[in-house]
Each structure stands twice: as C-alpha cells, then as structure tokens.
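None of these values were measured; they are calculated from a predicted model.
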Amino acid sequence: MKIIMLGAPGAGKGTRAAVIAEHYKIPHISTGDIFRANIKEGTALGLEAKGYMDQGLLVPDELTVKILLDRVAQDDCRDGYVLDGFPRNIPQAEVLDRELDKLGDAVDYAINVDVSDEVIVDRMAGRRACLKCGATYHVKYVPPEKEGICDKCGGELVLRHDDAPETVSHRLKVYHEQTKPLIDFYEAKGVLKSVDGTGDVKNALKDIVDILG
Ligand code: AP5
Ligand code: MG
C-alpha cells in the first residue's frame with residue numbers, strides 16, 4: 001500500500017503517518033525527518049537543507065527528489081510505505097508518478113489532514129520533537145510520559161527551529177501556494193481521502209481504518 005499524507009505544516013501528518021505505519025507494517029518516510037537527521041549529523045546535505053528550512057522555504061527539488069527516490073528503492077519499501085511531507089509541490093508529485101509508473105505501480109491513497117490555519121499556529125508552539133527517532137508530541141494534547149523525554153527511544157525532546165511563530169506563518173504561505181494544489185491533483189486521480197485533523201489523536205487509528213479498511 002502506497003500512501004501519501006497531505007496537509008498544512010502542523011496538521012498532524014507525522015502523528016497520523018506513524019499510526020498508519022505501525023498498523024499496516026510499512027515504513028513511515030518523512031522527508032523533514034531525513035533532513036533533520038542530516039542536520040543533526042552535520043552532513044553537507046543537512047547544512048544545505050537547514051538554510052531553507054529555517055526560513056520556512058522548501059528545500060529545492062533537485063535535493064529532495066533524489067533522497068526520496070533512493071529511500072523508496074530500499075528493500076523495506078517493497079510492500080509499500082507512507083510518505084509524510086512528500087510530495088510538496090506538483091513537480092515532485094509528477095516525478096513520483098513517473099517513477100511508480102515505470103514499475104507498473106501508482107499511489108493508492110492520498111490522505112488530506114484537514115485543519116484551519118488558526119489551529120496550526122496554536123499547535124506549533126506546543127509541539128516537541130525527538131531528533132533521534134522523529135516521534136512527535138504536544139505539551140498539552142499529546143504529552144510524553146516523562147517531560148522532555150521520548151517515550152519510544154528515550155531521546156531528548158526539543159522545540160523545532162522552524163516552529164518559531166514568524167517561520168510558521170511563512171511555512172503556511174508556502175503551503176497555500178505550492179502544496180495545497182496537490183489536493184486537486186490527487187482528487188483528479190480518484191485517490192484522495194480526507195480526515196478531520198482536529199479530531200482526538202486517540203481516535204487516529206479508527207479514523208484511518210474507516211478510510212482505508
Ligand atoms: P516537515 O517536517 O514535513 O514539516 P511540515 O510539513 O511543516 O509539517 P510538520 O512536521 O510541521 O507537521 P505535521 O503535519 O507532521 O504535524 P505533527 O504530526 O507534527 O518539513 C519541514 C521542512 O523540511 C519544510 O518546511 C521544508 O523546508 C523541508 N521539506 C520537507 N519535505 C520537503 C519536500 N518534499 N520538498 C521540499 N522541502 C521539504 O503535529 C503537529 C503538532 O500537533 C504536534 O505537536 C502533535 O502532537 C499535535 N497534534 C497532531 N494531531 C493533533 C490532534 N488531532 N489534536 C491535537 N494535537 C494534535
Ligand atoms: Mg511532521
């Protein structure tokens with residue numbers, strides 16, 4: 001099963017993708033997490049990506065597409081994957097389609113996590129992320145068992161650099177201009193599903209199973 005998560009920054013793509021990956025036993029691939037891991041390791045890719053991410057801009061397609069295609073070519077992706085944060089514009093979606101088409105394959109579902117911009121601004125301030133394993137928490141809505149420590153791997157939880165309010169508003173602008181058109185793109189292909197991103201995270205699995213079966 002090949003699934004794409006669509007939605008604004010902070011809509012809950014990562015939170016829901018993690019649930020999908022666990023339930024359907026497929027890898028959760030977040031381009032944002034791949035970039036953040038590279039930044040943490042101090043790689044050349046990380047250094048280049050950081051400049052764009054900190055400004056709330058998209059990392060150029062030349063860098064992003066190659067990373068994604070290399071990742072989905074790995075063995076653990078044979079039975080599918082859930083993509084979180086890719087594609088993020090029409091050219092990226094077209095490349096993915098072309099590559100899947102070569103394999104006689106296609107995207108099965110694009111799930112749009114629907115949330116208003118106002119809710120997003122509130123969520124970002126409370127988000128905490130684990131830089132080690134990518135798990136996401138919220139100080140109020142999805143707290144870890146022990147403050148500041150990841151439940152899954154014991155890593156330290158941090159506020160992401162790009163969650164500063166000015167950067168969030170820029171990310172939202174980029175989302176509306178470049179990423180939102182993907183909703184119509186996948187609707188036209190007949191694979192679009194929508195989920196209310198303001199529902200309780202505890203029901204995330206039920207919401208998804210209702211859609212995907
Ligand atoms: P990326 O890491 O993908 O960030 P994003 O799309 O901006 O999305 P977020 O990770 O911020 O939010 P999310 O939707 O995953 O929400 P989450 O589950 O955390 O990308 C970062 C940057 O990398 C980009 O700006 C760009 O520069 C670059 N990049 C990445 N991919 C790229 C690409 N393909 N091309 C070019 N550049 C790329 O939830 C948010 C918060 O809300 C959490 O605290 C969570 O606990 C909480 N929450 C979630 N659901 C609920 C709920 N139902 N109720 C209450 N709280 C909730
Ligand atoms: Mg995310």
Side-chain angles (χ1 to χ4, degrees), residues 3 5-23 27-43 45-47 49-59 64 67 71 82-86 88 111-175 179 195-208:
I3 301 171
M5 304 304 292
L6 296 176
K13 299 182 293 299
T15 302
R16 283 168 199 271
V19 170
I20 293 174
E22 196 179 330
H23 184 73
H28 169 193
I29 301 174
S30 156
T31 37
D33 284 352
I34 295 175
F35 289 136
R36 281 185 287 277
N38 275 275
I39 292 172
K40 194 169 166 234
E41 310 249 301
T43 67
L45 167 69
L47 206 67
K50 187 176 188 325
Y52 297 98
M53 290 169 78
D54 284 353
Q55 293 179 69
L57 298 170
L58 294 187
V59 176
T64 311
I67 285 161
R71 179 64 189 87
V82 48
L83 298 186
D84 159 16
F86 188 100
R88 234 182 172 89
I111 301 176
N112 181 40
V113 186
D114 196 15
V115 175
S116 70
D117 287 6
E118 295 73 43
V119 172
I120 281 165
V121 173
D122 169 54
R123 277 190 190 174
M124 299 308 229
R127 172 164 56 185
R128 296 294 179 272
C130 175
L131 289 184
K132 209 160 137 199
C133 76
T136 300
Y137 301 85
H138 191 283
V139 290
K140 197 157 82 195
Y141 309 122
V142 190
E145 275 170 26
K146 219 164 137 199
E147 200 186 317
I149 307 287
C150 178
D151 292 348
K152 299 199 171 78
C153 75
E156 185 195 356
L157 300 180
V158 298
L159 185 70
R160 271 172 42 180
H161 273 301
D162 57 349
D163 280 349
E166 326 74 81
T167 317
V168 170
S169 68
H170 202 99
R171 285 163 63 199
L172 277 169
K173 184 166 176 280
V174 170
Y175 166 75
T179 311
V195 59
D196 174 6
T198 59
D200 195 322
V201 177
K202 289 196 193 77
N203 299 328
L205 180 59
K206 185 186 174 301
D207 293 348
I208 297 292

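- In this structure, the side chains of Asp196 and Asp114 stay at 4.5 Å or more apart for every pair of heavy atoms.
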What do the steps show when you test Ile20 against Met5 for side-chain contact (heavy atoms from CB on, under 4.5 Å), and what is the final call?
-> CA-CA 10 Å; Ile20 293 174; Met5 304 304 292; 3.7 Å; yes

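- Between Arg171 atom CZ and Ile120 atom CD1 the span is 9.5 Å, to the nearest 0.5 Å.
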Please step through side-chain contact (heavy atoms from CB on, under 4.5 Å) for the pair Ile67 and Phe35, ending with a clear verdict.
-> CA-CA 9 Å; Ile67 285 161; Phe35 289 136; 3.7 Å; yes

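- For His28 against Ala21, the heavy-atom pair with the smallest separation is CB-CB, 3.7 Å.
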Can you check side-chain contact (heavy atoms from CB on, under 4.5 Å) on Asp117 and Val121, steps first, answer last?
-> CA-CA 7 Å; Asp117 287 6; Val121 173; 5.7 Å; no

Please report, to 0.1 Å, the donor-acceptor pairs under 3.5 Å made by any side chain of residues 148-160, with sequence neighbours excluded.
{"residue": "Asp151", "atom": "OD1", "partner": "Glu145", "partner atom": "N", "Å": "2.8"}
{"residue": "Arg160", "atom": "NE", "partner": "Asp162", "partner atom": "OD1", "Å": "3.1"}
{"residue": "Arg160", "atom": "NH2", "partner": "Asp162", "partner atom": "OD2", "Å": "3.2"}

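- Atom CG in Asp54 sits 7.5 Å away from atom OG1 in Thr167 (nearest 0.5 Å).
- Side chains of His23 and Ile208 form no contact here, defined as non-hydrogen atoms less than 4.5 Å apart.
- For the atom pair Ile34 CD1 and Leu45 CG, the distance stands at 9.0 Å (nearest 0.5 Å).
- The two residues Tyr137 and Val142 have their closest heavy-atom pair at CB-O, 3.2 Å.
- When every heavy atom of Asp122 is checked against every heavy atom of Tyr141, the shortest pair comes out as OD2-OH, 2.8 Å.
- The number of heavy-atom neighbours closer than 6.0 Å to NE2 of His161, taken from other residues, nucleotides and ligands shown, is 12 or below.
- Arg36 contributes atom CZ, which lies 8.5 Å from atom OG1 of Thr31 (distance to the nearest 0.5 angstrom).
- Between the side chains of Ser116 and Glu118, a donor-acceptor pair is found at a separation under 3.5 Å.
- In terms of heavy-atom proximity, Gly7 sits nearest to Lys13 at O-NZ, 3.3 Å.
- Side-chain contact check for Thr15 versus His138: every heavy-atom pair is 4.5 Å or farther apart.
- Atom CG of residue Leu57 and atom NZ of residue Lys173 lie 9.5 Å apart, to the nearest 0.5 angstrom.
- No side-chain donor-acceptor contact under 3.5 Å links Arg128 to the backbone of Val139.
- With respect to the salt-bridge test (charged N to carboxylate O, under 4.0 angstrom), the residues Lys40 and Asp33 do not qualify.
- Scanning both residues, Pro9 and Tyr175, for their nearest heavy atoms gives CD-CB, 3.7 Å.
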Any chance you could lay out the side-chain contact (heavy atoms from CB on, under 4.5 Å) test for Thr64 and Phe86, step after step, and finish with the verdict?
-> CA-CA 9 Å; Thr64 311; Phe86 188 100; 3.9 Å; yes

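- Checked options Ile111, Leu83, Asp84; the residue passing with Ile3 is Ile111 (criterion: side chain to side chain contact (heavy atoms under 4.5 Å, CB included)).
- Atom CD of Glu41 sits about 7.0 Å away from atom CG of Asn38, to the nearest 0.5 Å.
- The two residues Gly51 and Gln55 have their closest heavy-atom pair at O-NE2, 3.0 Å.
- In terms of modelled atom types and a separation under 3.5 Å, the side chain of Thr136 and the main chain of Ala129 share no donor-acceptor contact.
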